[in-house]
Amino acid sequence: MTVTAPAKINLGLHVLRVRPDGYRDIDTVFVRIPWCDEVSYVPAEGRSMTCNDPALPTGDGNLCMKAALLLAERTGRTDGWRLHLEKRVPYGAGLGSGSSDAAAVLRMLGQAWDVAEPTLTDVAAAVGSDVPFFLGPPVARGTGRGEELQPLEWQCPYPLVVAVPPVHVPTGEAYQMVQPRDQGRAELVPLIKSNDHKRWRTRLVNDFQEPVAGRWSKIRAALDMIREDGALYAAMSGSGSSVFGLCDSEEHADALADRLRQSGCRVWAGFAEGA
């Protein structure tokens, strides 16, 4: 059995407060994009995983293995398996690809083992904050740690270019750079649904962007390139390092994508998923 595992971008990301458990409460809108990994599962003796990227660990700490092991534990299964991940989306870039890969494993095992949806959702939240999003609709508001989801009936009307500069931003370090604030924040859902890119440029904010782009010059350079090319809106996704721009045409998006590739970024261009 083989399934695709799409990435996501964040439209707006507010870090609101520090929780008693040490995590942060956030407010964001997740949007899936069809830049995809591919995950395969076959029943097997033992429990193992392989990956086309030799730099990616495939032991029990990998989110795919973690999801499979936790689901087996929750459901009392003693099955063996062999997982294989074809990694195409950059990881550690704010695109949620590891979480999406884990959700893909849960979908496959859920089908193979006839697991009820609530159990899959519970396991997804235990695996990682972003994992539940990839089990549901393609656009959702995320609150709490990101696992509390409100599906949204909306689709981005603009073609996107997503670029990943050759830098890694540690998530924990990025959170330490942001001062939480829960007052005076824009209401993300009506702002995004307005499709008003001029308002987006002044009010749709990712709290990580300024400190992270200030620390890592290649992220700032990619954002500047997108803006200077005339994008309708440009922002960072998650805690970085990925950035994206909204373009006024597919031709514009393709041309911008070529320039970003020439600058050393890994790039995807196309339309986001939506309701």
Side-chain angles (χ1 to χ4, degrees), residues 6-14 26-36 89-90 93-97 100 130 133 137-142 146 151-165 169 185-210 212-213 216 218-275:
K8 61 82 179 168
I9 59 170
N10 298 79
L11 284 177
L13 204 172
H14 298 163
I26 67 169
D27 189 6
T28 189
V29 171
F30 298 114
V31 181
R32 282 208 296 269
I33 60 172
W35 191 0
C36 299
V89 181
L95 297 173
S97 67
S100 184
D130 288 352
F133 167 66
V139 183
R141 181 187 184 192
L152 298 181
E153 295 285 334
W154 179 80
Q155 182 167 13
C156 182
Y158 308 106
L160 291 162
V161 176
V162 182
V164 181
V169 179
R185 310 313 302 259
E187 290 288 336
L188 290 179
V189 172
L191 175 59
I192 289 167
K193 284 190 168 184
S194 74
N195 292 335
D196 185 340
H197 54 82
K198 293 180 181 178
R199 290 180 63 209
W200 287 16
R201 286 200 294 270
T202 58
R203 304 193 63 203
L204 189 58
V205 174
N206 177 343
D207 287 349
F208 290 100
Q209 182 172 300
E210 285 308 309
V212 169
W216 283 275
K218 290 182 180 180
I219 298 174
R220 174 67 69 190
L223 279 168
D224 288 345
M225 181 177 291
I226 292 170
R227 292 187 180 115
E228 289 164 5
D229 198 72
L232 303 175
Y233 175 75
M236 195 171 74
S237 180
S239 57
S241 61
S242 61
V243 298
F244 64 92
L246 276 57
C247 297
D248 55 11
S249 68
E250 292 180 73
E251 293 78 13
H252 182 194
D254 290 340
L256 174 57
D258 286 342
R259 283 188 281 277
L260 286 161
R261 285 190 191 96
Q262 291 169 15
S263 76
C265 294
R266 295 178 66 182
V267 181
W268 173 88
F271 283 91
E273 298 181 36

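Here, residue 1 is the first one in the sequence, and each next residue gets the next number.
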Exercise for review: For the pair R32 (side chain) and P137 (backbone), establish whether a donor and an acceptor sit closer than 3.5 Å, ignoring hydrogens and angles.
Suggested key: yes
Review point. Which heavy-atom pair separates F30 from G146 by the least distance, and what is that distance?
Key: CE1-O, 3.5 Å
Review point. Hey, does the side chain of S242 reach the backbone of A93 with a donor-acceptor pair shorter than 3.5 angstrom?
Key: yes
**Study point:** Heavy-atom donor-acceptor pair, S237 side chain to L95 backbone, under 3.5 Å
**Key:** no
Exercise for review: Quick one: closest heavy-atom pair of V267 and R261, and the distance?
Suggested key: CG2-CG, 3.6 Å
Review point. Which atom pair, heavy atoms only, marks the closest approach of P165 to A222?
Key: CG-CB, 4.0 Å
Exercise for review: Can you sort out the partners of F244 under ring pair (Phe, Tyr, Trp, His ring centres under 6.0 Å), two or more places apart, ordered by chain and number?
Suggested key: none
Check your understanding: Does S100 reach the main-chain N or O of P6 with its side chain, forming a donor-acceptor pair under 3.5 Å?
Key -> yes
Review point. Of all heavy-atom pairs between K8 and D130, which one has the smallest distance, and what is that distance?
Key: CE-OD2, 3.9 Å
Point to revise | Sidechain N-carboxylate O distance under 4.0 Å for R185, D27 | key: no
Check your understanding: Taking the side chain from N206 and the backbone from F208, do they hold a donor-acceptor pair closer than 3.5 Å?
Key -> yes
Point to revise | Contact summary for I219 and M236, nearest pair of heavy atoms | key: CG2-SD, 4.0 Å
Check your understanding: Taking the side chain from H252 and the backbone from D229, do they hold a donor-acceptor pair closer than 3.5 Å?
Key -> yes
Exercise for review: Look at the side chain of Y158 and the backbone N and O of Y233, then say whether any donor-acceptor pair between them is shorter than 3.5 Å.
Suggested key: no
Check your understanding: Do K218 side-chain atoms and A213 backbone N/O form a donor-acceptor pair below 3.5 Å?
Key -> no
Review point. Can you check whether R141 reaches L188 side chain to side chain, under 4.5 Å on heavy atoms?
Key: no
Practice item. Can you see which heavy atom on A253 is nearest to which on C247, and at what distance? Key: CA-SG, 3.7 Å
Exercise for review: Give a yes or no on whether the backbone of A272 and the side-chain of Q155 come within a donor-acceptor separation of less than 3.5 Å.
Suggested key: yes
